[in-house]
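This report concerns only the one structure given below.
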Amino acid sequence: MEYDTKKLDRETARTRMENLRAELDMHNHNYYVLNNPTISDKEFDDKMHELQALETAWPEFFDPHSPTQRVGSDLTKNFAQVEHKYPMLSLSNTYSETEVRDWYERVSKGLGGKEFEVVGELKYDGTSISLIYEHGRLVRAVTRGDGVRGDDVTANVKTIRCIPLKLHGNYPDEFEIRGEILMPWAVFEELNREREEQEEPLFANPRNAASGTLKQQNPAIVAERKLDAYLYYVLGENLPADKHYENLKAARQWGFKISDAIRVCHNIEEIMDFINFWDTERKNLPVATDGIVLKVNSLQQQQELGYTAKSPRWAIAYKFQAERAITVLRSVSYQVGRTGAVTPVANLDPVQLSGTIVKRASLHNADIIAGLDLHVGDRVYVEKGGEIIPKITGVEPPANNETRGPKVTFADVCPECGTPLIRYEGEAAHYCPNENGCPPQRIGKIEHFTARKAMNIEGLGSETVTALYKNGLLKDVADIYDLTVPILAQQERLGTKSAQNILDACEKSKQVPFERVLFALGIRFVGETTAKKIAAAFKDIDTLSAAGKEELLAVDEVGERIAESVLNYFSSPENQEIISRLRAKGLKFKTDENERTRTNVLQGKTFVISGTFDLHSREEYKQMIEDNGGKNLSSVSAKTDYILAGHNMGPAKLEKARELGITIIDEQTFLEMIAGNNSEQTRPITTATQPTLFD
Ligand code: IVH
């Protein structure tokens with residue numbers, strides 16, 4: 001903010017404040033709720049500071065709901081909310097050595113010139129968590145929420161291996177410890193690879209991936225995601241030491257993961273050394289960090305310094321500069337993927353950015369383009385930050401007399417086939433709906449079909465497929481099995497030998513199991529894992545093709561979106577024709593039967609599985625229900641006969657079951673039922689006698 005807030009005229013100041021409040025509210029929502037920030041932290045902080053200055057200068061425009069009056073919220077409606085014993089404040093951010101020195105001076109002054117130590121720590125870039133321990137056991141884990149109350153995510157946090165459930169040594173009877181939950185880079189990259197394959201939206205960075213994971217309703221998914229956590233702040237009445245550093249050391253003894261990258265600094269030079277060292281060294285860490293946190297070591301001195309409304313005076317964050325470059329936007333082009341998703345890409349004047357030359361950057365979607373107010377020829381900021389693909393984070397404001405190039409507006413027709421683009425409700429992306437006529441979509445489908453994880457037809461890679469498509473020899477996946485040596489050998493760079501190899505590979509692909517054939521068909525949202533689950537549930541393509549929505553939804557991991565997509569796929573006559581041509585060529589369209597015990601004891605009975613189990617996985621229970629003639633349903637309705645309930649059954653399900661008078665059984669009872677000791681009355685667990693449901 002470069003102007004004197006008091007010198008504005010009244011009306012201009014009021015409008016500016018209103019605009020800033022609206023803008024900051026939107027960015028808070030993007031950050032905390034959508035996990036999709038569209039501006040950098042620095043820009044956010046600058047706007048917040050400008051608003052704070054205006055509010056001080058113009059107190060008559062005070063608004064109790066202004067974003068300056070709260071610290072942002074990540075509350076979601078699906079978790080129980082818990083009040084924090086001590087509010088979870090944020091830290092004020094600094095971006096330069098001068099600001100750090102100013103803080104150091106302020107602390108020194110605040111302590112009346114007395115000596116003090118400062119603990120330097122890494123600022124981990126994940127999602128913060130408060131853990132409550134009583135008698136050496138983890139009793140609750142709560143997110144920051146709005147700082148006053150947070151979401152109770154205990155069940156999810158318990159799946160994070162590095163968080164101790166029981167402590168060792170000499171710990172206080174009751175205390176709280178705070179830290180950061182993180183997704184290590186390697187896990188994040190792997191997760192995004194999988195999501196790409198499943199055609200799910202990618203996480204922009206490990207922070208969003210970590211917080212998104214922590215808000216999952218199913219702890220089993222959290223467990224799979226291999227989160228990590230560093231703890232950095234112990235609170236309580238009976239702490240072992242009167243220094244922050246000593247308390248962290250003690251916490252390490254109790255079993256917590258405390259970083260080694262901690263230093264007790266005795267003067268500002270030691271602080272600056274610590275900052276400079278980690279500014280480079282952090283690039284070698286397995287987790288994301290975005291700065292340094294400095295804390296006054298003595299708890300007594302912390303108390304003396306106290307707090308402002310939003311943050312402690314005894315601590316500060318120094319944020320590392322995101323690696324950023326400025327360059328010129330030359331044009332925007334659009335890529336059409338296999339699924340028809342249209343991705344805007346910025347073409348830039350080449351620029352050096354953290355070791356690589358960047359010529360293109362992601363623009364994500366139409367909303368982001370509109371938010372940036374981009375014009376061709378603009379000078380734009382490109383950042384790598386924690387993201388995988390560089391992105392444009394801002395536009396350098398044009399000089400006063402500068403004429404800007406044309407405004408960038410999102411394409412309204414497909415750049416490949418001219419079909420008007422569509423945008424599904426609630427989705428950020430635009431799609432070309434011409435699934436069977438748009439060349440990149442047709443080529444993409446064939447490439448996907450021949451890929452290693454699908455039919456594994458070696459030799460039919462991207463180039464050959466594109467060439468064959470362009471020559472009119474390959475229009476869909478079924479054409480693959482009509483290829484001959486003379487046709488293939490006509491292609492540039494393909495001799496008779498390679499042509500024969502391709503045909504051999506095609507022949508071999510006829511042995512690929514049904515689940516992979518199903519994946520190869522390229523049904524939207526049906527990735528490798530989902531295809532496996534669907535194949536196991538329906539066993540053959542005819543049963544699958546005839547399945548209704550309810551049956552599809554009963555398959556584990558199949559939700560509305562996937563079910564709709566499967567229904568849509570099989571409703572197309574063109575797809576049905578491809579399937580029958582492939583079937584005629586001898587591809588596998590049913591599972592190989594394997595040996596499992598099957599009975600009819602559950603014939604005509606419907607089940608909903610809820611919660612987590614001790615004896616078998618949910619997946620195994622689903623299979624057992626089917627193998628014994630029963631049916632799985634995804635949600636509780638009047639049609640449900642039984643709820644197979646484990647631990648942590650959702651309260652909404654429980655309430656509904658109670659209303660509908662559905663019998664709730666535990667896993668032991670279920671196993672007895674299928675073992676033949678079949679009686680509903682064996683050990684029905686009524687809602688009234690099931691105190692452990694919320695364990
Ligand atoms: S101390 C009152 N230490 O940064 C002080 N915070 O804006 C409480 N963070 O919400 C925080 N690394 O999520 C502290 N070593 C560290 C940290 C750290 C990351 C996060 C934390 C907090 C935010 C501050």
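We count ligands from 1, going down the list as the structure has it; atoms in each ligand are counted the same way. Just so we're clear, the structure is a prediction, and the values are computed from it rather than from any experiment. Side-chain atoms are counted along with the backbone in the values below, which use heavy atoms only and exclude waters and symmetry mates. We number each residue from 1, following the sequence as shown.
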- Query: Nearest protein heavy atom to atom 12 (N) of ligand 1, by residue and atom, and its distance?
  - Reply: Y124 N, 3.0 Å
- Item | Donor-acceptor pair, side chain of N156 and main chain of L214, under 3.5 angstrom | yes
- Query: What atoms of ligand 1 come closer than 4.0 angstrom to any heavy atom of E121?
  - Reply: 3 (N), 15 (N), 16 (C)
- Measure from NZ or CZ of R324 to the centre of the six-membered ring of Y381, then state whether that distance is under 6.0 Å and the direction lies within 45° of the axis. yes
- Note on the structure: Under 4.0 Å between heavy atoms, the region of L91 that gets near ligand 1 turns out to be both
- Task: Could you tell me the residue and atom name of the protein heavy atom closest to atom 2 (C) of ligand 1, and the distance to it rounded to 0.1 Å?
- Result: P312 CG, 3.5 Å
- Rounded distance (nearest 0.5 Å) linking atom CD of E237 with atom CD of E174: 8.5 Å
- Task: Using side chain to side chain contact (heavy atoms under 4.5 Å, CB included) as the criterion, point out the one residue from D273, V118, I271, V119 that pairs with R263.
- Result: D273
- Query: Is ligand 1 under 4.0 Å from a heavy atom in the side chain of K123, in the backbone, in both, or in neither?
  - Reply: both
- OG on S96 to NZ on K319, rounded to 0.5 Å: 14.0 Å
- Message: With a cutoff of 4.0 Å, is A315 in contact with ligand 1, counting heavy atoms of the residue only?
- Response: no
- Atoms of ligand 1, numbered as shown, that sit under 4.0 Å from any heavy atom of S90: 7 (O)
- Task: With heavy atoms only and a cut-off of under 4.0 Å, state how K295 meets ligand 1: side chain, backbone, both or neither.
- Result: side chain
- Query: Hey, does the side chain of R144 reach the backbone of S128 with a donor-acceptor pair shorter than 3.5 angstrom?
  - Reply: no
- At what distance is the nearest protein heavy atom to atom 10 (O) of ligand 1, and which residue and atom is it? S128 OG, 3.8 Å
- Message: Can you confirm if the aromatic rings of W254 and F175 lie within a centre distance of less than 6.0 Å?
- Response: yes
- Contact between L122 and ligand 1, counting heavy atoms under 4.0 Å? yes
- Task: Could you find the nearest protein heavy atom to atom 13 (O) of ligand 1 and give me its residue, atom name and distance?
- Result: E180 OE1, 2.6 Å
- Query: When you measure from atom 21 (C) of ligand 1 to each heavy atom in W314, Y232, Y307, which option holds the nearest one?
  - Reply: Y232
- Interatomic distance, K123 atom NZ to I292 atom CD1 [nearest 0.5 angstrom]: 10.5 Å
- Note on the structure: Between F256 and the options Y230, Y133, Y232, Y171, the side chain to side chain contact (heavy atoms under 4.5 Å, CB included) test singles out Y133
- In this structure, atom 8 (C) of ligand 1 is nearest to the protein heavy atom Y233 CD2, 4.1 Å
